[in-house]
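Read the structure below first, then the notes.
Please read these numbers as outputs of a predicted model, since none were measured by experiment.
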Amino acid sequence: MSRPHVVIVGAGFAGYRAARTLARVTRGRAHITLLNPTDYFLYLPLLPQVAAGALEARRVTVSLAGTLPGVRLLLGEAGRVDLDARTVHYTDPEGGTGAVGYDRLVLAVGSVNKLLPIPGVAEHAHGFRGLPEALYLRDHVTRQVELAAVTGDPGTRAARRTFVVVGAGYTGTEVAAQMQMLTDGLARRHLPGGTRPRWMLLDVAPRVLPEMDERLSRTADRVLRARGVDVRMGTSVKEATHDGVLLTDGEFVASRTLVWCVGVRPDPLVEAVGQPLERGRLIVDPYLQVPGRPEVFACGDAAAVPDLDHPGAFTPMTAQHAWRQGRVAGENVAAALGLGRRRRAYRHRDLGFAVDLGGVHAAANPFGVPLSGLPAGLVTRGYHLAALPGNRVRVAADWLLDAVLPRQGVQLGLVRSWAVPLDTASPELPRVPAGGPAPAPADPAPAAARATAPARNEPGGEPAKNQPGGEPSRNQPGGEPARNQPGGEPAKNQPSAPGPSGPRPAEAEAQAPAPAPEAEAEGDT
């Protein structure tokens with residue numbers, strides 16, 4: 001008798017945990033295929049420390065092949081799911097196409113950057129959903145401080161050393177806290193007279209970390225303000241330009257850096273499946289099965305999972321829920337195949353939250369006990385080490401070295417501005433032009449052409465953030481390692497590369513600004 005075939009699409013928190021659980025429960029009695037664009041699981045909560053130089057990029061990537069024995073890794077980007085034919089169509093990293101059939105399907109494709117219809121944001125902001133974005137942000141921030149040090153014009157110097165972060169949830173708060181420490185160190189080496197870089201943290205919410213206990217919110221607010229971060233609640237961006245941002249309170253802030261951390265939205269692939277949605281998420285029952293499609297399961301940010309403790313509500317899009325839903329999905333798939341115990345409904349028990357604010361500072365409430373300062377820092381890092389599926393010793397070693405040695409303030413130049421657009425439907429893959437690096441655009445290029453051409457270089461070698469007539473949108477730093485395999489095939493979200501390596505279904509809609517009512521969430525805590 002042939003073994004059943006289970007296909008899991010996506011290797012984020014939910015997909016990785018589902019694959020690991022299913023492999024453990026079935027013990028070789030099922031074929032398990034994990035379809036993912038990269039060969040690693042990205043531990044998103046530590047990404048701000050990668051951008052700040054406290055951790056090396058490989059520390060937060062966990063090898064799929066090395067940690068998922070019994071699971072076949074299929075490198076590719078899912079483009080279409082045919083539920084009737086039980087087939088998933090995909091594009092591999094070199095532009096080839098393929099299809100894989102299944103007996104059971106687990107959709108765990110995760111989320112992408114959330115956009116709002118604010119003029120200039122898609123062109124001038126960068127997000128924070130993956131390694132390319134983190135690497136780009138580190139280079140960009142380092143470059144701005146270095147250029148500020150040699151700029152003779154006071155206005156330009158002030159703009160280069162001003163950094164604006166929008167979104168005071170987990171990601172935005174950690175990015176502002178960690179990156180402020182990096183730029184302070186850079187400023188001591190580069191900026192004369194003790195001039196400090198200026199960081200601003202904006203949010204329409206009434207307080208920092210609105211999802212957390214108010215006491216932890218106050219702790220984070222106090223730490224940020226003590227470091228000189230300009231925290232402004234009830235304020236956001238009205239318009240973004242090349243020269244800075246216009247705030248909703250009417251103030252114009254001259255800046256060359258806008259980091260967009262307002263939340264996430266479900267991956268557009270979910271919309272193309274053709275099943276009922278809840279704010280872009282695939283509706284499932286408490287057992288994580290799609291109604292009317294008992295062979296299809298969904299979990300993580302892609303799924304609207306009923307919250308059994310709050311009837312009528314759905315679980316939020318967070319890494320904690322995704323990680324636990326992945327386990328339940330794996331167990332329930334095994335039960336559906338007759339290879340495990342009976343299925344169970346998903347019910348979440350809150351174990352608390354932790355936010356690393358850099359150095360010895362953190363805010364945490366393990367099991368509901370609010371902590372701050374060194375105890376919170378120890379709990380937070382202990383939690384991350386326990387949650388990491390691999391690289392624990394390397395991460396701990398990096399933390400130790402960071403505590404006793406100064407951080408290296410250098411630019412690697414690995415990721416360019418145009419490669420990490422904010423409006424991409426694939427934050428895990430940086431954009432690459434068809435046929436290799438694209439030439440600089442002619443001056444008054446049409447907007448559509450600017451979306452695919454590389455930017456003019458700023459002094460110091462960085463593609464310009466928004467050069468008039470030239471640069472592609474200064475889009476969000478995306479997610480995981482580049483799809484620019486040898487041979488320079490076009491990325492899937494490159495508008496100039498139609499066909500198998502072009503946009504996935506519904507990507508055109510996904511690249512438009514998302515409406516405000518979309519699911520607001522932080523998928524990385």
_Criterion side-chain contact (heavy atoms from CB on, under 4.5 Å) on I32 and L68, from CA distance to verdict_ = CA-CA 10 Å; I32 305 171; L68 295 176; over 6 Å; no
*After noting the C-alpha distance and the side-chain angles of L202 and V237, does the key distance pass the side-chain contact (heavy atoms from CB on, under 4.5 Å) rule?*
CA-CA 8 Å; L202 314 175; V237 173; 4.1 Å; yes
*Check the pair L135, L412 against side-chain contact (heavy atoms from CB on, under 4.5 Å), reporting the backbone distance first and the verdict last.*
CA-CA 8 Å; L135 294 176; L412 299 179; 5.6 Å; no
*Taking it one step at a time, do D39 and L73 satisfy side-chain contact (heavy atoms from CB on, under 4.5 Å)?*
CA-CA 8 Å; D39 63 356; L73 173 62; 3.8 Å; yes
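A distance of 6.0 Å separates CG of L55 from CG of L46, quoted to the nearest 0.5 Å. Going from atom CG of N365 over to atom CZ of R215 covers 8.5 Å, rounded to the nearest 0.5 Å. Residue T315 holds its OG1 atom at 6.0 Å from OH of Y346, rounded to the nearest 0.5 Å. Of the inter-residue distances, the one linking Y136 atom OH with W418 atom CH2 reads 12.5 Å to the nearest 0.5 angstrom. Rounding to the nearest 0.5 Å gives a distance of 8.0 Å between CG of D92 and OG1 of T97.
No side-chain donor from either of E211 and T318 sits under 3.5 Å from a side-chain acceptor of the other. Side-chain contact annotation: H140 with S417, donor-acceptor N/O pair under 3.5 Å absent. If you check the side chains of T67 and Y16, you find a donor sitting under 3.5 Å from an acceptor.
With E278 contributing its side chain and I283 its backbone, the two residues share no donor-acceptor pair below 3.5 Å. Although no hydrogens or angles enter the test, the distance criterion places a donor-acceptor pair under 3.5 Å between the side chain of Q320 and the main chain of G352. The main-chain N or O of L115 is never found under 3.5 Å from a side-chain atom of W260 such that the two would form a donor-acceptor pair. Under the 3.5 Å distance criterion, the side-chain polar atoms of T33 are left unmatched by any main-chain donor or acceptor of R72. Proximity of a side-chain donor or acceptor of E174 to a complementary backbone N or O of D356 within less than 3.5 Å is detected. Here the side chain of R138 pairs a donor or acceptor atom with the backbone of V50 at under 3.5 angstrom. Between the N332 side chain and the R343 main chain, no donor and acceptor come within less than 3.5 Å of each other. A donor-acceptor pair under 3.5 Å is formed between the side chain of R29 and the backbone N or O of L339. Not a single donor-acceptor pair under 3.5 Å links the side chain of D402 to the backbone N or O of A54.
Looking at heavy atoms from C-beta onward, F353 lies out of side-chain contact with L216 at the 4.5 angstrom threshold. The shortest side-chain heavy-atom distance between V62 and Y43 does not fall under the 4.5 Å cut-off. Contact check for H321 versus P316: side-chain heavy atoms found under the 4.5 Å cut-off. The side-chain heavy atoms of L137 and V175, taken from C-beta on, include a pair separated by under 4.5 Å. At least one side-chain heavy atom of V60 sits under 4.5 Å from a side-chain heavy atom of L42. Residues L337 and V333 are in side-chain contact: their nearest non-hydrogen atoms beyond the backbone lie under 4.5 Å apart. The shortest distance between side-chain heavy atoms of H31 and D103 does not fall below 4.5 Å.
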Can you give the donor-acceptor pairs under 3.5 Å from side chains of residues 389-398 to other protein atoms, not counting sequence neighbours?
unit_1: N391; atom_1: ND2; unit_2: R58; atom_2: O; d: 3.3
unit_1: N391; atom_1: ND2; unit_2: R59; atom_2: O; d: 3.1
unit_1: N391; atom_1: ND2; unit_2: T61; atom_2: O; d: 2.6
unit_1: R392; atom_1: NE; unit_2: L385; atom_2: O; d: 2.6
unit_1: R392; atom_1: NE; unit_2: L388; atom_2: O; d: 3.1
unit_1: R392; atom_1: NH2; unit_2: L388; atom_2: O; d: 2.6
unit_1: D398; atom_1: OD2; unit_2: E56; atom_2: N; d: 3.2
unit_1: D398; atom_1: OD2; unit_2: R59; atom_2: NE; d: 3.1

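Closest heavy-atom contact between R265 and N113: NE-O, 2.6 Å. Nearest heavy-atom pair across D301 and R281 is O-CD, 3.2 Å. Minimum heavy-atom separation, A11 to N36: N-OD1, 2.9 Å.
For D307, the side chain to side chain donor-acceptor pair (under 3.5 Å) test picks out H310, with sequence neighbours left out.
Using cut-offs of 30° and 60° for the angle between ring planes, the F41 and F13 rings count as perpendicular.
Residue pairs satisfying the salt bridge (Lys or Arg N to Asp or Glu O under 4.0 Å) criterion with at least one member in residues 309-335, sequence neighbours excluded, are listed as follows: D309-R347, R327-E331, E331-R344.
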